[in-house]
J.: 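Below is a structure I'd like to ask you about.
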Amino acid sequence: MTAVTLTETGPGRRGDSFLSVQDLHVSFSTEDGTVKAVDGLSFEVEKGTTLGIVGESGSGKSVTNLAILGLHNSEHAEIGGEIWFEDRELVGASRTTLERLRGNRIAMIFQDPLTALSPFHTVGRQIGEVYRKHKGASKREARDRAIEMLDRVGIPNAKVRVDDYPHHFSGGMRQRVMIAMALVCDPALVIADEPTTALDVTVQAQILDLLKDLQDQMGTSIILITHDLGVVAQAAHNVLVMYAGRAAERGTVREVLGAPRHPYTWGLLSSAPRLGSAVDVPLKPVRGTPPSLLNPPSGCRFHPRCDYVKQVGPDLCAAELPELSPESGHGDACYLTLKQKQEIHTQLMEGR
Amino acid sequence: MLRFLTRRSLGAAFILLIVAAVTFFLFFAVPGDPARLACGRVCPPETLAQARHNLGLDQPIFVQFVEWVFGIFAGRDYEGLGHCPAPCLGYSFVNREPVFNTIVDRLPVTLSLTIGSAIVFLIFGIGTGIIAALKQGKPLDKIASVSSLIGASVQIYFVGTLAMYFLVFQWQVIERPRYVPITEDPIGWAYGLMLPWVVLAIIFTANYTRMTRSTMVEQLGEDYVRTARAKGLSARTVVMRFALRGTLTPIVTIFGIDLAGLIGGAIITETTFSLQGIGRLSIQSVLNSDLPMLMATVLLAATAIVVLNVIVDALYAVIDPRVRLS
């Protein structure tokens with residue numbers, strides 16, 4: 001079996017992108033009420049490209065991607081909307097369908113490889129068992145494949161290290177193991193959830209380069225979840241900025257980082273340190289705190305923290321939920337006019 | 001591994017020596033004179049002195065202890081009773097039999113009781129624990145929680161006595177528990193011990209259910225379990241090969257303690273079911289001021305605890321490769 005058999009081809013297919021998330025809702029019922037972690041999110045990923053998803057903690061980045069793999073506990077999480085992947089709808093797909101996709105067509109790289117790898121099994125076994133499960137390989141073949149993968153992700157002496165346990169590896173090497181495990185079945189989509197956050201900066205660059213190389217070799221699509229704009233600038237083709245479970249801005253890296261249009265994106269960019277700027281100038285954080293997802297603010301989720309509400313007229317911001325516009329290309333969810341956005345951004349740039 | 005075992009064995013031997021010494025000296029601190037018991041009700045002073053000499057009690061306590069320890073390794077000669085080969089635990093004050101033979105005679109009863117019930121409570125305890133963890137908050141979980149709470153609250157002399165009264169005497173669904181050596185009649189062995197096994201299992205299962213459930217719930221929330229699911233492994237594999245592995249460590253810990261306790265003698269269980277195991281032997285030896293017998297049962301219990309501790313520590317390293325034995 002080389003690929004999942006395509007049976008659910010139908011009229012529901014949208015666009016040419018092979019992953020398409022449409023109006024995704026994920027909510028968790030808790031004792032205090034319903035938490036809307038993702039609230040009407042749509043995005044697409046094209047073949048062979050990297051989508052960077054940025055946003056602060058709790059903006060729904062990870063929740064979205066766990067939903068793609070169907071990893072939420074169905075008893076606690078309620079998932080609405082559509083997720084189309086290679087012509088099949090994943091929301092509400094059967095357990096076996098999802099099990100056959102996971103690790104095979106869609107693989108995941110987690111943030112902290114120390115806790116995400118099993119401490120009880122050798123890395124060779126952990127890599128090999130994915131291959132055995134999905135490709136029906138023998139133990140011998142799986143082991144050889146594991147060695148090959150370890151070698152491919154740049155672990156020296158792979159033949160010996162295949163029998164080591166995760167705690168025998170350094171942080172960076174461990175993340176390479178994780179990547180080897182994710183790529184062992186040549187997945188079409190890799191979801192990397194903050195793959196470099198637990199690593200130091202030099203290792204971070206190596207890991208990002210590695211992902212890029214592997215993408216070039218195998219044509220894999222990548223969703224790169226991060227809160228680090230530097231990582232996005234370095235590794236992504238497209239960017240989705242998330243805020244409180246919704247998309248704030250979407251576009252290519254050049255568009256979003258070069259000519260950002262959403263006040264939240266401006267906030268993120270000006271809160272990031274720059275190499276060239278004076279050391280005694282304090283960083284400018286985004287004012288206020290992230291909203292509670294139990295009782296999200298009315299209207300634009302960002303308006304209580306936004307400095308430009310007055311320029312729109314406060315009624316509109318607090319009353320109505322802005323949608324991404326335009327619907328494709330560089331879009332943002334803000335009521336300011338394009339001209340206002342350009343002017344404010346120019347001013348902000350001059351102020352730095 | 002070898003270094004670990006050597007070091008731990010030396011430590012174990014030292015602990016056993018201390019346990020033996022404390023027991024030995026405590027024996028003499030307790031009122032009651034074994035020589036007077038041996039001598040009988042009407043006891044002239046010279047007979048008493050003779051009895052005291054025969055039992056070796058006329059020596060200083062320290063000398064008696066050293067001779068006792070020496071006897072274990074080298075054997076001993078007894079006046080009038082002949083040579084007692086190593087490991088010599090002495091002759092019983094009461095029946096003048098070598099203690100070692102009595103222990104060897106009684107141990108299979110206790111071991112059968114222990115191993116049989118351990119198999120039952122491990123299977124049921126871990127099994128219900130896993131099910132409860134997977135069905136968190138569901139009726140099955142609640143049933144398991146409540147029944148394990150009941151199991152943990154009752155005592156052997158309560159459940160055991162009730163079981164004996166109703167099942168054996170009143171309704172006569174099962175015969176009185178008895179011990180038949182497994183070598184003679186395996187079916188009779190299992191049948192004869194079934195009731196005590198079940199009763200012991202009722203008491204012990206609860207602990208394992210609760211421990212398995214809580215640790216399993218914790219493990220199911222671990223990142224590596226999520227990774228295993230993200231790899232597309234089946235729910236069964238994820239639970240049995242990943243989450244259960246992390247659950248084993250605390251289970252092995254309490255199992256080591258329970259097993260040692262049971263081998264040392266399930267005193268109340270054996271009394272309740274009238275089984276002649278180590279537990280009853282130890283009680284009798286205390287009541288009879290039978291020093292050599294008492295020393296042997298204490299030493300056996302202590303050895304079980306110490307040895308199982310070493311085994312448990314070694315098992316930690318087998319279960320979790322991050323544990324280093326040093």
Side-chain angles (χ1 to χ4, degrees), chain A residues 4 62 65-66 68-73 75-76 95-123 125-135 163-168 174 177-178 181-182 184-185 187 190-191 193 198, chain B residues 1 126 130-142 212-213 215-253 312 314-326:
Chain A
V4 175
S62 300
N65 290 290
L66 291 176
I68 295 174
L69 278 182
L71 285 178
H72 289 297
N73 185 338
E75 280 164 34
H76 304 132
R95 215 190 60 209
T96 37
T97 308
L98 288 170
E99 268 172 19
R100 243 178 276 157
L101 283 176
R102 289 177 194 153
N104 187 21
R105 303 297 299 153
I106 309 178
M108 196 134 184
I109 299 169
F110 290 100
Q111 174 172 349
D112 185 353
L114 181 59
T115 59
L117 289 169
S118 163
F120 307 122
H121 305 99
T122 62
V123 297
R125 171 123 186 240
Q126 295 189 55
I127 297 169
E129 77 189 334
V130 193
Y131 199 62
R132 288 186 67 190
K133 159 91 191 186
H134 296 297
K135 306 290 185 198
D163 292 322
D164 279 350
Y165 290 91
H167 66 276
H168 293 139
R174 235 177 260 145
V177 170
M178 191 87 204
M181 197 167 85
V184 68
C185 291
V190 171
I191 299 172
D193 190 348
Chain B
M1 187 71 167
I126 297 175
I130 293 175
I131 294 169
L134 294 177
K135 305 273 174 196
Q136 261 179 86
K138 297 260 185 70
L140 218 57
D141 177 25
K142 286 182 179 140
T212 307
R213 183 191 180 277
T215 320
M216 186 64 122
V217 166
E218 213 173 89
Q219 291 294 319
L220 287 173
E222 289 283 341
D223 282 357
Y224 75 90
V225 171
R226 187 182 59 184
T227 309
R229 295 209 297 136
K231 292 201 290 196
L233 302 180
S234 67
R236 191 194 152 87
T237 312
V238 171
V239 171
M240 300 311 280
R241 201 162 344 127
F242 288 80
L244 188 60
R245 184 77 177 260
T247 314
L248 282 181
T249 305
I251 292 176
V252 164
T253 309
V312 164
L315 275 181
Y316 286 159
V318 176
I319 295 169
D320 190 338
R322 287 170 300 179
V323 175
R324 254 188 240 152
L325 299 174
S326 56

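Note: hydrogens, waters and symmetry copies are ignored here, and every other heavy atom, side chains too, is used. In what follows, chains are A, B, ... by sequence order, proteins preceding strands, each numbered from 1.
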J.: Measuring heavy-atom distances to chain B, does A/Leu117 have an atom under 4.5 Å in its side chain, in its backbone, in both, or in neither?
T.: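 Backbone only.
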J.: Please classify the contact between A/Gln126 and chain B as side chain, backbone, both or neither, with a heavy-atom cut-off of under 4.5 Å.
T.: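 Backbone plus side chain of A/Gln126, per the 4.5 Å heavy-atom cut-off to chain B.
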J.: So what's closer than 4.5 Å to chain B heavy atoms on A/Leu66: side chain, backbone, both or neither?
T.: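 Contact with chain B is through the side chain of A/Leu66 alone.
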J.: Of the listed residues (A/Glu75, A/Arg95, A/His121, A/Met108), which shares the most heavy-atom pairs with chain B below a 4.5 Å separation?
T.: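 When all of A/Glu75, A/Arg95, A/His121, A/Met108 are compared, A/His121 has the most.
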J.: Roughly how far, to the nearest 0.5 Å, is the CZ atom of B/Arg226 from the OG1 atom of A/Thr115?
T.: 7.5 Å
J.: Which value, rounded to the nearest 0.5 Å, describes the distance between B/Gln136 atom CD and A/Asn73 atom CG?
T.: 8.5 Å
J.: Is any residue of residues 236-248 of chain B within less than 4.5 Å of chain A by heavy atoms, and which ones?
T.: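 Interface residues of residues 236-248 of chain B: B/Arg241, B/Phe242, B/Arg245, B/Gly246.
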J.: Do the side chains of A/Phe120 and B/Asp320 get nearer than 4.5 Å, heavy atoms only?
T.: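 Yes, their side chains come closer than 4.5 Å.
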J.: Between B/Thr227 (side chain) and A/Ala116 (backbone), is there a donor-acceptor pair under 3.5 Å?
T.: yes
J.: Are any non-hydrogen side-chain atoms of B/Pro321 and A/His168 less than 4.5 angstrom apart?
T.: no
J.: So does A/Met181 get a backbone contact from the side chain of B/Lys231, meaning a donor-acceptor N/O pair under 3.5 Å?
T.: no
J.: Below 4.5 Å from any heavy atom of chain B, which atoms of A/Arg125 appear? Answer side chain, backbone, both or neither.
T.: side chain
J.: What are the two closest heavy atoms between A/Lys133 and B/Leu233, and how far apart are they?
T.: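 Looking at all heavy atoms of both residues, the shortest contact is CB-CD2, 4.2 Å.
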J.: Is there a side-chain contact between A/Pro166 and B/Arg322 in this structure, where contact means two heavy atoms from C-beta onward sitting under 4.5 Å apart?
T.: no
J.: Please rank A/Gly103, A/Gly70, A/Pro187 by heavy-atom pairs under 4.5 Å with chain B and give me the top one.
T.: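 The answer is A/Gly103.
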